[in-house]
Enquirer: 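Just passing along the structure, written as structure tokens.
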Amino acid sequence: MAKVVIIGCGGVGTVVAHKCAQHPEVFTEIVIASRTRSKCDAVAKSIGKPNVSTDTVDADHVDQIVALLERHKPELVINVALPYQDLTIMEACLQCGVNYLDTANYEPKDVAHFEYSWQWAYRERFEQAGLTAILGCGFDPGVSGVFTAYAAKHWFSEMETLDIVDCNAGDHGKAFATNFNPEINIREITQNGRYWQEGEWVVTKPLEFHKTLTYPNIGPRESYLLYHEELESLVQNFPTIKRARFWMTFGQEYLTHLRVIQNIGMARIDEVEYNGTKIVPLQFLKAVLPNPQDLGENYHGETSIGCRISGKGKEGQPLTYYIYNNCSHEAAYKETGMQAVSYTTGVPAMVGAMMFLTGKWNLKGVRNVEEFDPDPFLAALAENGLPWHEVVDGDLEVL
């Protein structure tokens, strides 16, 4: 049906490539491209399909991305590179008349700040070009937004509170490791928290608020409030929401290591001079920490991510609703060679691409996932390794 270019070949990119290759009726040709072609070649070899090829690109540079797209002429780019590179890839897509999908919003390199304004600024240009840009099509952001849209469509006349809850109860056996790019991960959780309350953002100190939440098949885990990008679009697209928050679990050992990293200056994102060379401490730390792609083999346990929503049901009655997915690290590794955090991001990216290429998601312009019909997406998500479950009128624990 269509050719796609996947930019990025980390853990998520590997999962996206594997899952796209499972659907040759949709993804007739797949090109995997990154700075290091040998990584792409290894993934293509592991897939072993004749419609999977590789190329090289430095996604920091628009001209290189343009050249890549002109060589391959894809229908869609699936961007699973770094968030710093979103705008260069979007710019290249506009120049080449190619549609776009990503899993995380843009952030500048020099400040840990998450905001959709940079990408939303491209709305008019994509609309005028007759192109689609789908933003945040991982799990959170991504499925969390689709879950919310599904709840609004099928269960609620008015959603009032939204709590996105993210638990990784897996054990990889390392003293300290991050489940995706260490630089992005540490930047994300060491910045101030934010949540939406009665029409305005409330700022908190990093990991200031926490409470014990119970996760299906896992049990109680300490969960910390932090800011996550999908909150920004969800409160705009569902304006009845009075309070929106995001919670993530962290173990005490992880938090102790993180505190030491911050205290000794290794979480800094500004340049320092070392032996006459300028380095960014967090980028150096990334180079010595375990590679998230290598965690899968010894990873045990599962993740649980979902949305806990309260408000008024279709008949005006009080309603609580919890929709979630649990994903096994072992099962994810057996299928794709990657752990569940990469899997739960990569599968939704493939499903979003499938929705677009099959015409089920056909809005033009720059769009967040919750603006599309949630039903076909969630049906395909369940069929492709991420089944989801619902609890109606249960205890949300977050009221």
Enquirer: Given H18 and S46, is the side chain to side chain contact (heavy atoms under 4.5 Å, CB included) satisfied, shown in steps?
Expert: CA-CA 9 Å; H18 275 270; S46 70; 3.4 Å; yes
Enquirer: Kindly give the heavy-atom pair with the smallest separation between K360 and P376, and that separation in Å.
Expert: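 Smallest heavy-atom distance, with atoms named: CD-CB, 3.6 Å.
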Enquirer: For residues F156 and G311, report the shortest heavy-atom separation together with the two atoms involved.
Expert: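 The pair with the smallest heavy-atom distance is CE2-N, 3.5 Å.
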Enquirer: How far apart are the C-alpha atoms of C40 and T36, what are their side-chain angles, what is the distance that settles it, and do they pass the side chain to side chain contact (heavy atoms under 4.5 Å, CB included) test?
Expert: CA-CA 7 Å; C40 305; T36 308; over 6 Å; no
Enquirer: What are the two closest heavy atoms between E70 and C96, and how far apart are they?
Expert: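 It is CG-SG, 4.1 Å.
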Enquirer: Can you tell me if T132 uses its side chain to pair, donor with acceptor, with the backbone of L363 under 3.5 Å?
Expert: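 Such a contact is found between T132 side chain and L363 backbone.
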Enquirer: Under 4.5 Å between side-chain heavy atoms, counting indirect links through other Ile/Leu/Val/Met/Phe/Trp/Tyr residues: same cluster for F246 and F250 or not?
Expert: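 Linked, F246 and F250 end up in one cluster.
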Enquirer: To check you understand the geometry: which heavy-atom pair defines the closest contact between Y106 and D86, and what is its length?
Expert: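 Of all heavy-atom pairs spanning Y106 and D86, the closest is N-OD2, 3.1 Å.
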Enquirer: What do the steps show when you test N326 against I218 for side chain to side chain contact (heavy atoms under 4.5 Å, CB included), and what is the final call?
Expert: CA-CA 9 Å; N326 277 35; I218 293 171; 4.3 Å; yes
Enquirer: For N105 and Q119: C-alpha separation, side-chain torsions, deciding distance, then whether side chain to side chain contact (heavy atoms under 4.5 Å, CB included) applies.
Expert: CA-CA 8 Å; N105 71 350; Q119 291 179 277; 3.4 Å; yes
Enquirer: Say whether, by atom type as modelled, one donor and one acceptor occur between the side chain of E160 and the main chain of R243 under 3.5 angstrom.
Expert: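 Looks like no, no N/O pair under 3.5 Å.
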Enquirer: Counting N and O atoms only, with roles assigned by atom type, does the side chain of N168 sit under 3.5 Å from a partner on the main chain of T303, one being a donor and the other an acceptor?
Expert: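 No, N168 side chain to T303 backbone: no donor-acceptor pair under 3.5 Å.
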Enquirer: Please determine whether residues L378 and F238 belong to a single hydrophobic cluster, defined as Ile, Leu, Val, Met, Phe, Trp and Tyr linked transitively by side-chain heavy-atom distances below 4.5 Å.
Expert: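 Yes, L378 and F238 fall within the same hydrophobic cluster.
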Enquirer: Determine yes or no for a side-chain-to-main-chain donor-acceptor pair under 3.5 angstrom, with Q95 supplying the side chain and A92 the backbone.
Expert: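 Checked: no pair found.
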Enquirer: In the structure I gave you, are the side-chain heavy atoms of V57 and I7 within less than 4.5 Å of one another anywhere?
Expert: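 Side-chain contact under 4.5 Å: yes.
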Enquirer: From F27 CZ over to Q22 CD, what is the distance, rounded to the nearest 0.5 angstrom?
Expert: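 Taking CZ in F27 and CD in Q22, the distance rounds to 10.5 Å.
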Enquirer: Under 3.5 Å, is there a donor-acceptor pair between the side chain of T88 and the main chain of A59?
Expert: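 Side chain of T88 to backbone of A59: a pair is present.
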Enquirer: State the CZ-SG distance between R125 and C93, to the nearest 0.5 angstrom.
Expert: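 So the CZ of R125 and the SG of C93 are separated by 11.5 Å.
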Enquirer: With distance as the sole test, does E371 use its side chain to make a donor-acceptor pair with the main-chain N or O of N368 at under 3.5 Å?
Expert: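 Present.
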Enquirer: Are the side chain of Q339 and the backbone N or O of S342 linked by a donor-acceptor pair below 3.5 Å?
Expert: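 Such a contact is found between Q339 side chain and S342 backbone.
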Enquirer: Do the ring planes of H154 and Y150 sit parallel (below 30°), tilted (30 to 60°) or perpendicular (above 60°)?
Expert: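 Because their plane-to-plane angle lies in the 30° to 60° range, the rings of H154 and Y150 count as tilted.
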Enquirer: Using the rule given for side-chain hydrogen bond (donor to acceptor under 3.5 Å, both in side chains), can you reason through E222 versus T249, listing the C-alpha separation, both sets of side-chain angles and the distance that settles it, and then say yes or no?
Expert: CA-CA 6 Å; E222 201 66 11; T249 61; over 6 Å; no
Enquirer: Classify the angle between the aromatic ring planes of W361 and F377 as parallel (below 30°), tilted (30 to 60°) or perpendicular (above 60°).
Expert: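 W361 and F377: parallel rings.
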Enquirer: Without swapping roles, check the side chain of S233 against the backbone of E229 for a donor-acceptor pair under 3.5 Å.
Expert: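 Checked: no pair found.
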Enquirer: Is the shortest side-chain N to carboxylate O distance from K73 to E29 below 4.0 Å?
Expert: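 Looking at K73 and E29, the cut-off is not met.
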Enquirer: Of all heavy-atom pairs between E115 and W118, which one has the smallest distance, and what is that distance?
Expert: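 Looks like O-CE3, 3.3 Å.
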Enquirer: Please work out whether the ring planes of W201 and W196 are parallel, tilted or perpendicular, with thresholds of 30° and 60°.
Expert: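 Because their plane-to-plane angle is over 60°, the rings of W201 and W196 count as perpendicular.
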Enquirer: Are V66 and I89 connected in a single hydrophobic cluster, I mean Ile/Leu/Val/Met/Phe/Trp/Tyr linked by side-chain heavy atoms less than 4.5 Å apart?
Expert: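 Cluster IDs for I89 and V66 differ.
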Enquirer: Could you go through the side-chain hydrogen bond (donor to acceptor under 3.5 Å, both in side chains) check for D60 and Q85 one step at a time?
Expert: CA-CA 6 Å; D60 285 335; Q85 297 163 330; 3.1 Å; yes
Enquirer: May I ask you to say whether K153 pairs ionically with D373, meaning some side-chain N is under 4.0 Å from a carboxylate O?
Expert: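 Salt bridge present between K153 and D373.
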Enquirer: Decide yes or no on side-chain hydrogen bond (donor to acceptor under 3.5 Å, both in side chains) for T161 and S310, but give the supporting numbers first.
Expert: CA-CA 5 Å; T161 71; S310 70; 2.4 Å; yes
Enquirer: Treat each ILVMFWY residue as a node, draw an edge where side-chain heavy atoms are under 4.5 Å apart, and state whether F284 and I264 are in one component.
Expert: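 As far as the 4.5 Å side-chain criterion goes, I264 and F284 are connected within one cluster.
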Enquirer: Rounded to the nearest 0.5 Å, what's the gap from CZ on R194 to CG on L226? Could you check?
Expert: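 Rounded to the nearest 0.5 Å, the CZ-CG separation comes to 12.0 Å.
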Enquirer: Is the charged tip of R308 near the ring of Y215: under 6.0 Å from the six-membered ring centre and within 45° of its axis?
Expert: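 Yes, R308 sits over the ring of Y215.
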Enquirer: Taking atom CG of L225 and atom CE of M248, what is their separation to the nearest 0.5 Å?
Expert: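 Answer for the CG-CE pair, L225 versus M248, is 11.5 Å.
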Enquirer: Calculate, to the nearest 0.5 Å, the distance between atoms CD1 and CD belonging to I65 and E91 respectively.
Expert: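 These two atoms lie 9.5 Å from each other.
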Enquirer: Is any side-chain N of the basic residue among E335 and K19 closer than 4.0 Å to the acidic one's carboxylate O?
Expert: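 Salt bridge flag = yes for K19 with E335.
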Enquirer: Using modelled atom types and a 3.5 Å cut-off, is there a donor and acceptor pairing between side-chain atoms of S328 and backbone atoms of A331?
Expert: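 Judged by distance alone, yes, a pair lies under 3.5 Å.
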Enquirer: Determine the minimum heavy-atom distance between A44 and V52, stating which atoms define it.
Expert: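 Where A44 meets V52 most closely, the heavy atoms are CB-CG1, 3.9 Å.
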Enquirer: Evaluate the side-chain hydrogen bond (donor to acceptor under 3.5 Å, both in side chains) criterion for residues D166 and Y324: first the C-alpha distance (whole Å), next the side-chain angles of each, then the deciding distance (0.1 Å), finally the verdict.
Expert: CA-CA 10 Å; D166 183 326; Y324 68 93; over 6 Å; no
Enquirer: Starting at CG of L68, measure out to NE2 of H61 and round the result to the nearest 0.5 Å.
Expert: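 Atom-to-atom, L68:CG and H61:NE2 are 14.0 Å apart.
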Enquirer: I'd like to know if the side chain of K364 and the backbone of L131 have a donor-acceptor N/O pair within less than 3.5 Å.
Expert: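 Side chain of K364 to backbone of L131, a donor-acceptor pair under 3.5 Å: no, none is there.
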Enquirer: Quick check: are there more than 12 heavy atoms from other residues, nucleotides or ligands sitting under 6.0 Å from CD of Q317?
Expert: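 Above 12, so yes.
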Enquirer: Report yes or no: do V62 and I78 belong to one cluster of Ile/Leu/Val/Met/Phe/Trp/Tyr joined by side chain heavy-atom distances under 4.5 Å?
Expert: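 No.
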